[in-house]
Novice: 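Sending over a structure as structure tokens; questions will come in a sec.
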There are 4 protein chains.
Amino acid sequence: MRSEGSPSGRKRNPIIEEARRRQIVDAAIETVAEVGYAHASLARIAQRAQTSKSVVSYHFAGKDELLEQVVTQIYGDSWAFIEPRLVAQSSAAGKLAAYIESNIAYMHARRAHLLAVVDVVGNHRTADGRLRFEPSTDESVLALLGEILRTGQRDGEFRDFDPRLVAVTVSQAIIGVLGAWVADPTVDLTAYAAELVTLFDRATRSQGRTT
Amino acid sequence: MRSEGSPSGRKRNPIIEEARRRQIVDAAIETVAEVGYAHASLARIAQRAQTSKSVVSYHFAGKDELLEQVVTQIYGDSWAFIEPRLVAQSSAAGKLAAYIESNIAYMHARRAHLLAVVDVVGNHRTADGRLRFEPSTDESVLALLGEILRTGQRDGEFRDFDPRLVAVTVSQAIIGVLGAWVADPTVDLTAYAAELVTLFDRATRSQGRTT
Amino acid sequence: MRSEGSPSGRKRNPIIEEARRRQIVDAAIETVAEVGYAHASLARIAQRAQTSKSVVSYHFAGKDELLEQVVTQIYGDSWAFIEPRLVAQSSAAGKLAAYIESNIAYMHARRAHLLAVVDVVGNHRTADGRLRFEPSTDESVLALLGEILRTGQRDGEFRDFDPRLVAVTVSQAIIGVLGAWVADPTVDLTAYAAELVTLFDRATRSQGRTT
Amino acid sequence: MRSEGSPSGRKRNPIIEEARRRQIVDAAIETVAEVGYAHASLARIAQRAQTSKSVVSYHFAGKDELLEQVVTQIYGDSWAFIEPRLVAQSSAAGKLAAYIESNIAYMHARRAHLLAVVDVVGNHRTADGRLRFEPSTDESVLALLGEILRTGQRDGEFRDFDPRLVAVTVSQAIIGVLGAWVADPTVDLTAYAAELVTLFDRATRSQGRTT
DNA sequence: GATGAATGAGACTTCATTCAT
DNA sequence: CATGAATGAAGTCTCATTCAT
């Protein structure tokens, strides 16, 4: 049980408190990345954070809350990286390319984040056995991509297709490229990203148009 | 272990033996599909197979071998379904379309197999924490797709691109579409498969060509 | 989780199984008697039964089932001792006296049973904090005593009073006498039992009657 | 601990100090009454007192001292209620009746006190597993009742019996009646108290006497 | 005077595996 | 061929207590 005296959940000294939580979440990310979700026990996470299981239990209501923080933090960080790069583009095709490239670039720089988020999202379940997070790809990501694609279709940049299907495909293609890099870190991820941009440009452009 | 040749009263019976193993592997598939890799204990698998843990341990060297059989069996079954449909196509583009459609069709008919194989492949690890299977997509699948794509490029059907990247993309796009269906079983998987074929046809065709 | 293969809950070899369960229940009784409910951990019980926690968990679904067995067993044993002594009496007054004396005699011979049953009944609670057993005195005991008292009133042996109140009082008086003996084992429990019989004889007899 | 005499800026304030302790003890009583001794953790008690564990630990040496205060306070309060009602009676029979009725009346008005004191007295143990308080009934209560009963015998009011046995019986009968009320709050506790007085009047009166 | 933070002991439970029959 | 029984490691979580501020 967390929160005593202050039912809001936040402690009186938010600075040290937040720092400790962040430190533990980071340790959890690294641990999941290294040994996988199934073997990422509180003991191992605590060990990496250089504390004890009790401290982890003190700062988080339980393993569930900790793992949810892992996902929340990675989603937040990656979005903070991607968003300005999207805003900088005015065309839909530009935004699509920027999304693909910045997403890959972010994970390129944080391999552990990639491994952890995929593992936790794909495995963390509620007591009744249902996945706690959206499977495969986050719903908000699909909504964003769908919006970009629909805008492009309205403006005549893109041909006619099912925006959701293409959004799913783009999303999974990115994961696939990242997965290939995880399996074999020698692949040139930047080149792959560029090729992916080309591929989806071709797949979505309306006929006869040129960049 | 009994001695071979069975000089004693009891007879070896490979048929019943194989049937038992298959029954247990099926139970394992269903269990993983239902409660997920992390909660698929031997006890639960045995319960679903209507036996006891001991029987499972008797027929398989351990949990590892059982889960490897799960993956092997699903890979084998799906390949048995897909291969004839590939052979029936002569063009590279035809083979690519056939691969996409038959792969999705197979999983469409066996939801539990899809859930189980994704879960086990993505989670089953060796004692030292490394994944026991190729991450994300099976290497042999990538080799097959790469071969089709390269043939198409050689014959002028396809434009110039990195075959491995496109192979990865095709593979992950299929998983993505299947994932969208798992998350929301009401999506029209057949329509999605057709759209996916169109999308990759556009993405790979050399300019100016038509079907 | 107990019971595998045989959903009934009983194992194939009921003899050895039942012996082990009994052994563990006995160890639980002694442990609760010695260190009290709150300190009677599975570890301590297992230690006294000369096994490990795992074995206890194997034979019982959990601590709850074990403690319920403790109470069930003691209730059953004591009733097996008391019943024939009740049947041997024809008059209501005789049955009342026999109940008091045999109840005290049984617990006199099994101090640990007395301590354990009082402790478990008074403390064992469900997850939501409610007592798992009837508080103070078992309802079936009160029903039995009430029946005896009502019969005595109908036959003119006993004066008019609230049968349930007197049943509760008899029940608690027995516990009180036993409690006095637990606190100070030098008290003459047999003499106390006899005095208790006299006391309730006086309190219940109809005026003018004699034994 | 600060030095005495408080030479520094802060002043010792025994009033606020005592109020705080009382507030915490009250919270402990309510908590034990609600969730039982075994689940009455310092955290839960602090939560109900609207403070934190640290505050509780600051005001009491430990959980032990707090629970001892719970018992002491309830014993004290109940005696303050009962004593004047005893003094008001001149005959031994009158005192006995007054004791029974005022005891029940007090607990009738404070259900939580009843539940808490029974639970703590029956469960609180020292490190070596021995009960910290007298089991069942307080020794001073038995002494008081014994004194009343002996006086009554000396004056010829009561017949000859073992005073301690009857004291124990009276004490437990009261607990029994209260227990019946706790189990079923709809029972008419006042009527039960009156019946109890009658019952023990009959059981103790010397022959041929009348009120 | 008071408290947020930390901590280690110990609680219950689940699990994969082994062994004698 | 099959299984009931046993087992120890490891998991998550709760708790009373202590300490620096």
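Hydrogens, waters and symmetry mates play no part in the numbers below; they use all other heavy atoms, side chains included. Proteins get letters first, then strands, A, B, ... in listed order; numbering begins at 1 in each. Because the structure is a prediction, the values reported are computed rather than measured.
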Novice: Can you confirm whether C:Leu67 sits close enough to C:Arg132 that some side-chain heavy atom of one is under 4.5 Å from a side-chain heavy atom of the other?
Specialist: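 No, their side chains stay 4.5 Å or more apart.
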Novice: Could you tell me whether D:His59 contacts a base, only the sugar-phosphate backbone, or nothing, with contacts defined as non-hydrogen atoms closer than 4.0 Å?
Specialist: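 Answer is sugar-phosphate: D:His59 comes under 4.0 Å of backbone atoms only.
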Novice: Are C:His124 and C:Asp119 close enough that a side-chain donor and a side-chain acceptor fall under 3.5 Å?
Specialist: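 There is no such pair (donor and acceptor under 3.5 Å, judged by atom type) between the side chains of C:His124 and C:Asp119.
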Novice: Below 4.5 Å, heavy atoms only, C-beta onward: do C:Val118 and C:Tyr37 meet side chain to side chain?
Specialist: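 No, their side chains stay 4.5 Å or more apart.
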Novice: Do the side chain of D:Glu30 and the main chain of D:Ala112 share a donor and acceptor less than 3.5 angstrom apart?
Specialist: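 Absent.
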Novice: For C:Val55, which contact category applies under a 4.0 Å heavy-atom criterion: base, sugar-phosphate, or nothing?
Specialist: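 Base contact - C:Val55 has a heavy atom under 4.0 Å of at least one base atom.
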Novice: Could you state the NE2-P distance from B:His39 to E:dT13, rounded to the nearest angstrom?
Specialist: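 About 17 Å, once rounded to whole Å.
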Novice: Quick one: D:Ile15 CD1 to E:dG1 P, roughly how many Å, whole number?
Specialist: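 So the two atoms are 12 Å apart, to the nearest Å.
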Novice: Quick one: which of F:dT7, E:dG4, E:dA2 gets closest to the side chain of C:Tyr58?
Specialist: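 The closest nucleotide is F:dT7.
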Novice: How does DNA chain E read in dot-bracket, base by base from 5' to 3', with Watson-Crick or G-U pairs under 3.5 Å and | used when the partner is on another strand?
Specialist: .||||||||||||||||||||
Novice: Rounded to the Å, how far apart are C:Gln50 CD and F:dA6 P?
Specialist: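 Nearest whole value for this atom pair: 14 Å.
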Novice: Figure out the OH/P separation between A:Tyr37 and F:dG11, and round it to whole Å.
Specialist: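 Result: 14 Å.
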Novice: Once you round it to whole Å, what is the distance between P of E:dG4 and CD of A:Glu18?
Specialist: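 Result: 16 Å.
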Novice: Let me spell it out: for each of B:Arg20 and C:Thr51, pick the nucleotide of DNA chain F with the closest heavy atom. Which residue's pick is nearer the 5' end?
Specialist: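 The answer here is B:Arg20.
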Novice: Nearest-Å distance, CD (A:Gln47) to P (F:dG11)?
Specialist: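 For the pair A:Gln47 CD and F:dG11 P, the rounded distance is 10 Å.
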Novice: Is there side-chain contact between C:Gln73 and C:Asp26, with at least one heavy-atom pair below 4.5 Å?
Specialist: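 Yes, their side chains come closer than 4.5 Å.
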Novice: Using a strict threshold of under 4.0 Å (side-chain N to carboxylate O), is an ion pair present between D:Glu65 and D:Arg21?
Specialist: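 Result for this pair is yes, salt bridge flagged.
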Novice: When rounded to the nearest Å, what value does the distance between P atoms of E:dG1 and F:dT21 take?
Specialist: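 So the two P atoms sit 22 Å from each other.
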Novice: In whole Å, what is the span from the CD1 atom of A:Ile24 to the C1' atom of E:dT7?
Specialist: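 Checked: the CD1 to C1' distance equals 13 Å.
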Novice: For a quick check, with a 4.0 angstrom heavy-atom cut-off, what is the B/S/- contact string for nucleotides 16-21 of chain E, read 5' to 3'?
Specialist: BBB---
Novice: What pairs with B:Leu66 under side-chain contact (heavy atoms from CB on, under 4.5 Å), at least two apart in sequence or on another chain?
Specialist: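 Partners of B:Leu66 under the side-chain contact (heavy atoms from CB on, under 4.5 Å) test: B:Ile24, B:Val25, B:Ala28, B:Leu42, B:Ile45, B:Val56, B:Phe60.
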Novice: Can you confirm whether the side chains of A:Arg44 and A:Gln47 place a donor and an acceptor under 3.5 Å from each other?
Specialist: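 Checked: A:Arg44/A:Gln47 side chains show no N/O donor-acceptor pair below 3.5 Å.
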Novice: Taking the side chain as every heavy atom from C-beta outward, state whether B:Ile29 and B:Ile74 have any atom pair closer than 4.5 Å.
Specialist: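 In contact.
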Novice: Rounded to whole Å, please give me the gap between CG in C:Leu67 and P in E:dC12.
Specialist: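 My rounded result for the distance is 9 Å.
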